[in-house]
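Okay, structure first, notes after.
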Amino acid sequence: MSTYPQPPNPRAYHEIVWEIVRQVPRGVVTTFGQLASMIPAPEGVEAKDYEKLAPRWVGDAMNAVSRIDEPTIPWHRVINSKGGISLPEESVSAAIQRARLRAENLLDQKERVDLDQYGWEGPDAAWLEAHNLRAPKSLRKPPPDDGGQMRLF
DNA sequence: CGTTTGACTACGC
DNA sequence: CGCGTAGCCAAAC
């Protein structure tokens with residue numbers, strides 16, 4: 001069954017998530033996991049537990065956006081690790097998200113976003129540091145290991 | 001006030 | 001590549 005605890009201060013956690021989402025520029029996308037990777041574990045939460053919980057807390061934060069109806073947050077650029085929309089397919093919100101992503105030319109024929117191509121690289125280091133956030137995990141594939149081929153020399 | 005219900009992800013088949 | 005599973009709390013109804 002799907003069941004999980006909440007952060008010590010849900011509202012505070014959500015605020016941080018929203019602040020980062022506001023930085024995502026047009027034409028690229030971020031994921032729940034990537035956002036979570038930038039936010040340190042709240043005091044009192046074991047790192048091990050946090051790793052599992054954080055992505056869903058980010059999901060809760062995005063979910064809350066619809067309740068608060070905050071137009072300054074480009075929530076449509078937040079998708080799941082598979083490059084897909086995580087809202088119920090028939091929902092109105094999902095339709096809006098599809099339309100907005102399509103408008104930014106990010107959707108492929110399978111209604112998916114190619115993270116390797118359009119995955120966000122995160123805010124610049126100075127911004128992260130100013131907000132006490134960690135460097136994001138990359139959404140793009142690691143450079144292919146060419147099996148020890150020599151290059152330049 | 002008791003139940004229901006989660007914008008997730010890594011991992012194993 | 002797609003599908004199922006664990007995770008075990010709290011806000012919203």
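Every chain is numbered from 1, with letters handed out A, B, ... down the list of sequences.
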- request: Output yes when a side-chain donor or acceptor of A/Gln23 lies under 3.5 Å from a complementary backbone atom of A/Glu19, and no otherwise.
  value: yes

- prompt: Between the side chain of A/Glu15 and the main-chain N/O of A/Pro10, is any donor-acceptor distance below 3.5 Å?
  reply: no

message: I need a per-nucleotide contact map over nucleotides 6-13 of chain B, read 5' to 3'. Cutoff is protein heavy atoms under 4.0 Å; write B for the base, S for backbone only, - otherwise.
response: BBBSS---

task: Using the P atoms only, state how far C/dA10 lies from B/dT9, rounded to an integer number of Å.
output: 22 Å

message: Can you check the distance between B/dA10 and C/dC9, where both ends of the measurement are the P atom (answer in whole Å)?
response: 23 Å

List, one per line, each side-chain donor-acceptor pair under 3.5 Å for residues 56-65 of chain A, sequence neighbours excluded.
residue, atom, partner, partner atom, Å
A/Arg56, NH1, A/Ser2, OG, 3.4
A/Trp57, NE1, A/Pro5, O, 2.8
A/Asp60, OD1, A/Tyr4, OH, 2.9
A/Asp60, OD2, A/Tyr4, OH, 3.4
A/Asp60, OD2, A/Gln6, NE2, 3.4

query: Looking at residues at least two apart in the chain, or sitting in another chain, which of them share a side chain to side chain contact (heavy atoms under 4.5 Å, CB included) with A/Asn105?
result: none

Only counting residues at least two apart or in another chain, list the ones meeting side chain to side chain donor-acceptor pair (under 3.5 Å) with [X].
{"X": "A/Tyr13", "result": "A/Tyr50"}
{"X": "A/Glu129", "result": "none"}
{"X": "A/Glu104", "result": "A/His76, A/Arg77"}

Rounding to an integer number of Å, can you tell me how far [X] [atom1] sits from [N] [atom2]?
{"X": "A/Asn9", "N": "C/dC9", "atom1": "CG", "atom2": "P", "answer": "19 Å"}
{"X": "A/Tyr13", "N": "C/dA11", "atom1": "OH", "atom2": "C1'", "answer": "17 Å"}
{"X": "A/Leu53", "N": "C/dA10", "atom1": "CG", "atom2": "P", "answer": "11 Å"}

message: Please list, in numerical order, the residues of residues 101-111 of chain A that have a heavy atom closer than 4.0 Å to any atom of DNA chain B.
response: none

query: With sequence neighbours left out, which residue pairs that include part of residues 40-49 of chain A fulfil the side-chain hydrogen bond (donor to acceptor under 3.5 Å, both in side chains) condition?
result: none

field: Pairs flagged by side-chain hydrogen bond (donor to acceptor under 3.5 Å, both in side chains) wherever residues 24-33 of chain A is involved - sequence neighbours left out
entry: A/Thr30-A/Gln34

Which pairs would a plain distance check flag for residues 115-123 of chain A, meaning a side-chain donor or acceptor within less than 3.5 Å of a matching protein atom at least two apart in sequence or in another chain?
residue, atom, partner, partner atom, Å
A/Asp116, OD1, A/Lys141, N, 2.7
A/Gln117, NE2, A/Asp114, OD2, 3.3

Review item, side-chain donor-acceptor pairs of residues 81-96 of chain A, under 3.5 Å, at least two apart:
residue, atom, partner, partner atom, Å
A/Ser86, OG, A/Asn80, ND2, 2.9
A/Ser91, OG, A/Pro88, O, 2.7
A/Ser91, OG, A/Ala94, N, 3.1

Quick one: which protein N/O atoms are closer than 3.5 Å to N/O atoms of nucleotides 3-5 of chain C? Pair and distance per line, please.
none

